[in-house]
Structures are given as C-alpha cells and as structure tokens.
Chemist: 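So that we are looking at the same thing, I have put the structure below in structure tokens.
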Amino acid sequence: MIRVGINGYGTIGKRVAAAVRAQPDMEVVGVAKTRPNHEAATAVAEGFDLYAAIEERRPRFAEAGIKVAGGVEDLVAASEIVVDACPSGVGAENAAMYREHDTPALLQGGEDAEVVDGSFVARANYDAVAGADLVRVVSCNTTGLARLIAPLREAYGIEKLRATLVRRGGDPAQSSRGPINDILPDPVAIPSHHGPDVNTIYPDLDIDTLGLKVPATLMHTHSINVTLESSPEADAVRDLLAAESRLFVIPKWLGLDGAGAIRELAGDAGRPRADVWENCIWGESITVEDRDLYLFQAVHQESDVVPENVDAVRAVLDTASGPESVRRTNRAIGLDGDLG
Ligand code: NAD
C-alpha cells in the first residue's frame with residue numbers, strides 16, 4: 001500500500017483524500033489542517049487522522065475538541081508521498097520541507113511551473129514524472145485542455161489551438177469571490193496564462209487562450225477552435241473523443257443545456273459532492289469546417305484534477321503504467337465517462 005499524506009484539506013484536498021482512500025493500492029496516512037473549521041470536522045467525520053499544519057495553532061484543535069495525531073512534519077515523515085493541496089503559493093513554501101524529508105510531493109495548479117520538476121496530466125505525459133521530487137498537477141482548465149488535445153494531436157495533428165475560457169468567479173463556498181453582476185475579461189491582456197500553462201505539458205503546441213470571469217460557481221466553459229493538420233468528419237471526431245475515458249461527449253437527448261444540469265445529473269448518479277471528473281463536451285457542438293474543429297466543453301473546476309492527483313502518485317513512484325493507473329483510478333472512484 002502506498003502511504004499518502006494530504007497537506008491542505010480544502011476543496012481539492014478533501015476530494016483527493018477520498019479518491020486516494022478508494023484506491024486498492026493506497027492508504028491515507030492523514031490530513032493536515034491549519035485550523036479547526038468545518039473541513040476539519042469533515043476530516044474527523046471521515047475518520048482521517050488530523051495533523052496540525054501550524055504548530056502554534058495546535059491548541060486550537062484541542063479547544064474545539066479535535067484530537068490531533070501530530071504536526072505536519074510528522075505527517076510528511078510518515079508518508080511515502082504527499083499531496084499538497086494548500087492555497088496557491090503555500091505549496092511552493094512547503095517545497096523545502098518535502099525536500100528535507102526526502103518525500104516526493106504533488107503540488108497543485110496554483111503553483112508556478114518553475115517551482116517543480118515537472119507538470120502532469122495523466123493522458124498527456126504520465127511517463128515524464130517517474131522519480132521526480134516535486135510535480136505539479138496542473139490547474140483545472142489546463143487539465144481540461146490537455147485531455148482534449150491529447151487524442152486530437154495523436155489522430156489528426158494540431159496546427160493551432162485557440163480557446164476562450166469562460167471561468168466561474170469562485171467555488172460555491174468562496175463567498176468573497178466575484179464578480180456578482182458583471183462579465184470580466186480576465187486577464188484583459190491576451191493571451192491568458194492558460195496557453196503558456198498548457199505549454200508546460202505540450203511545449204511545442206501553438207496555442208492562444210483568452211479568459212473571462214463570470215458570476216457562476218458550478219463549472220468553467222471552454223469555447224474551442226482547433227486548426228487540425230487534416231480534415232476529419234465531425235462524426236469521426238465525436239467517436240474519437242467519446243472513446244476517451246475522461247471525456248464525456250454529451251448526447252443531445254440528455255438535454256444537458258449547461259453546468260447546472262450537468263451537476264444535477266452527477267448528483268442524481270450518486271457522484272460524491274455531485275463531482276464531474278470528466279470534461280463534458282457537447283456532442284452537437286463538435287463541428288468541422290475544412291480543417292477547423294469547433295466545440296464547447298465544460299470543466300468542473302473542483303474535481304477534474306482529482307483523478308489526475310491519484311495517477312500522479314503512481315506515476316511519480318513508478319508503480320503502474322499510465323493506462324493501468326488510469327483504469328485503476330477510474331474503477332475505484334466510479335469514473336465511467338458517461339455520468340451514468
Ligand atoms: P482551498 O482554499 O479550498 O483549500 C486549501 C486548504 O488548505 C484550506 O483548507 C486551508 O485552510 C488550508 N491551508 C492553508 N494554509 C495551509 C498550510 N500552510 N498548511 C496546510 N493547509 C493550509 O483551496 P483549493 O481550491 O483546494 O486549492 C488548492 C490548490 O489547488 C491551489 O493551488 C489551487 O490553485 C489548486 N486548484 C484549485 C481548483 C479549484 O477550483 N478550487 C482547481 C484546480 C486546482
């Protein structure tokens with residue numbers, strides 16, 4: 001069993017902890033929290049050992065009646081690998097601690113690419129991170145783009161990709177985020193950082209991205225235009241994408257008109273937290289004009305990176321091939337590619 005520690009138990013950390021625990025070849029050593037809030041209560045309810053991320057704040061847990069198994073350094077020392085799901089920038093600060101303990105760690109998409117030895121998306125570059133000390137599981141948007149790019153590149157070649165990313169203003173629990181009533185070019189300058197971030201996975205890809213932020217919390221939506229190197233039929237592209245386990249090509253008859261309906265279906269299907277681990281691509285939107293492919297996809301920002309973190313554990317420790325890891329991860333969490 002691979003002993004995995006989780007440092008940072010928020011939106012991403014709690015989901016990764018649950019997904020790691022579901023794997024037959026992994027166990028969660030414990031989770032580190034900075035303070036005894038509702039997420040600490042969830043960790044206790046889930047039966048995870050809790051570690052204090054900040055030593056001076058340890059008494060606060062006792063005051064809240066929460067037993068602490070140790071400090072974060074104890075967690076790192078007891079783990080074979082750590083998933084760092086701390087807020088952006090904190091992962092980079094933690095890097096020295098992981099290196100001191102000689103414990104490999106997975107940072108998240110909020111960290112700069114320069115901090116790590118490599119960036120990761122299972123479908124794109126699984127084999128590139130074996131034996132690395134610090135790996136970054138890229139952001140939700142970059143993950144969503146790379147998963148789409150992989151089969152298109154292999155089947156048709158990509159001359160140029162342009163994507164407009166309509167991004168949710170914040171996650172549902174982020175009451176301080178916005179906009180509340182506006183549509184913001186974000187960033188105003190073009191390209192947005194997402195294109196260069198995709199280049200950390202596909203260095204030679206010609207890609208331009210534009211970003212917007214809107215008053216929504218459920219998912220991001222991407223408007224995609226790819227100039228391919230050949231001109232396939234739209235149906236062939238649809239079949240190609242539908243065959244990918246982490247791409248869900250939405251059939252028209254489901255009547256999923258947006259993120260709300262997608263998340264509703266995920267909840268009805270019994271997905272934990274109504275999570276949607278797959279990219280959701282509207283089948284009807286897949287259109288090919290000469291060599292230009294167009295489509296819309298929605299990406300659930302809180303959960304698409306979760307199976308990627310699980311695969312990155314195996315990739316770094318080199319315990320399974322990419323396809324085998326993806327199969328295992330999918331099976332263990334119930335990722336079936338059709339939200340059924
Ligand atoms: P979050 O704020 O929901 O969770 C972070 C957790 O870490 C919180 O519980 C916080 O209390 C805790 N924390 C703060 N400082 C800490 C420390 N020093 N040690 C341990 N824990 C600490 O954040 P999140 O949304 O889960 O994001 C985590 C990372 O994942 C970021 O890099 C982010 O960019 C990336 N990411 C977020 C999303 C998303 O949509 N939420 C999607 C993909 C990637």
Side-chain angles (χ1 to χ4, degrees), residues 5-19 30-44 46 48 50-58 60-61 66 68 70-76 79 82-98 105-113 115-116 119-121 134-147 165 167-177 193-194 197 213 216-221 259 263 273 275-277 279 298-309 312:
I6 313 283
N7 188 15
Y9 191 78
T11 304
I12 301 298
K14 66 186 173 188
R15 287 172 165 84
V16 172
V31 307
K33 280 286 308 164
T34 50
R35 59 199 162 108
N37 66 355
H38 66 97
E39 283 154 342
T42 301
V44 171
E46 293 287 326
F48 291 124
L50 207 68
Y51 291 75
I54 299 174
E55 200 50 44
E56 309 81 74
R57 293 199 197 157
R58 208 196 266 223
R60 289 205 209 167
F61 288 93
I66 294 178
V68 167
V72 66
E73 301 245 5
D74 300 318
L75 174 65
V76 176
S79 302
V82 172
V83 178
D84 184 301
C86 293
S88 303
V90 178
E93 289 169 14
N94 289 335
M97 171 173 66
Y98 303 131
L106 308 178
L107 308 189
Q108 305 302 312
E111 307 299 333
D112 290 338
V115 174
V116 295
S119 296
F120 180 85
V121 174
L134 275 182
V135 168
R136 186 177 67 116
V137 175
V138 294
S139 75
C140 45
N141 281 307
T142 304
T143 297
L145 289 168
R147 282 178 181 169
L165 312 181
R167 292 142 62 218
R168 58 84 176 106
D171 296 335
Q174 289 176 315
S175 50
S176 63
R177 297 277 287 260
H193 69 273
H194 305 92
D197 204 36
K213 252 195 339 188
T217 63
L218 297 176
M219 295 176 92
H220 302 299
T221 302
R263 298 291 305 282
R273 301 179 168 98
D275 281 350
V276 184
W277 299 298
N279 297 18
V299 169
H300 181 208
Q301 75 281 357
E302 297 167 288
S303 72
D304 73 331
V305 300
V306 170
E308 306 296 328
N309 271 276

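Every heavy atom of this structure was used, including side-chain atoms; hydrogens, water molecules and symmetry mates were not. Along the sequence shown, the residues carry numbers beginning at 1. Every number for a ligand or one of its atoms is a count from 1 in the order of the listing.
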Chemist: If I take atom CG from residue Leu106 and atom CG from residue Asn7, how far apart are they, to the nearest 0.5 angstrom?
Modeler: 12.0 Å
Chemist: Does the Thr217 side chain pair with the main chain of Gly170, one donor and one acceptor, at a distance under 3.5 Å?
Modeler: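 Looks like no, no N/O pair under 3.5 Å.
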Chemist: From the options Arg167, Arg263, Arg168, select the one residue that forms a side-chain contact (heavy atoms from CB on, under 4.5 Å) with Met219.
Modeler: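 Checked Arg167, Arg263, Arg168 against Met219; only one passes side-chain contact (heavy atoms from CB on, under 4.5 Å): Arg263.
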Chemist: Is there a donor-acceptor contact under 3.5 Å from the side chain of Arg15 to the main chain of Pro307?
Modeler: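 A pair under 3.5 Å: no.
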Chemist: Report the C-alpha separation of Asp275 and Val306 in whole Å, then their side-chain angles, then the decisive distance to 0.1 Å, and conclude whether the side chain to side chain contact (heavy atoms under 4.5 Å, CB included) test is met.
Modeler: CA-CA 10 Å; Asp275 281 350; Val306 170; 5.6 Å; no
Chemist: Is the count of non-hydrogen atoms from other residues, nucleotides or ligands lying under 6.0 Å from Arg35 atom CZ greater than 12?
Modeler: no
Chemist: Any idea which residues sit under 4.0 Å from ligand 1, heavy-atom distances?
Modeler: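 Lining ligand 1 at under 4.0 Å, by heavy atoms, one finds Asn7, Gly8, Tyr9, Gly10, Thr11, Ile12, Lys33, Thr34, Glu39, Ala53, Ala85, Cys86, Pro87, Ser88, Val90, Gln108, Gly110, Cys140, Arg168, Asp171, Gln301.
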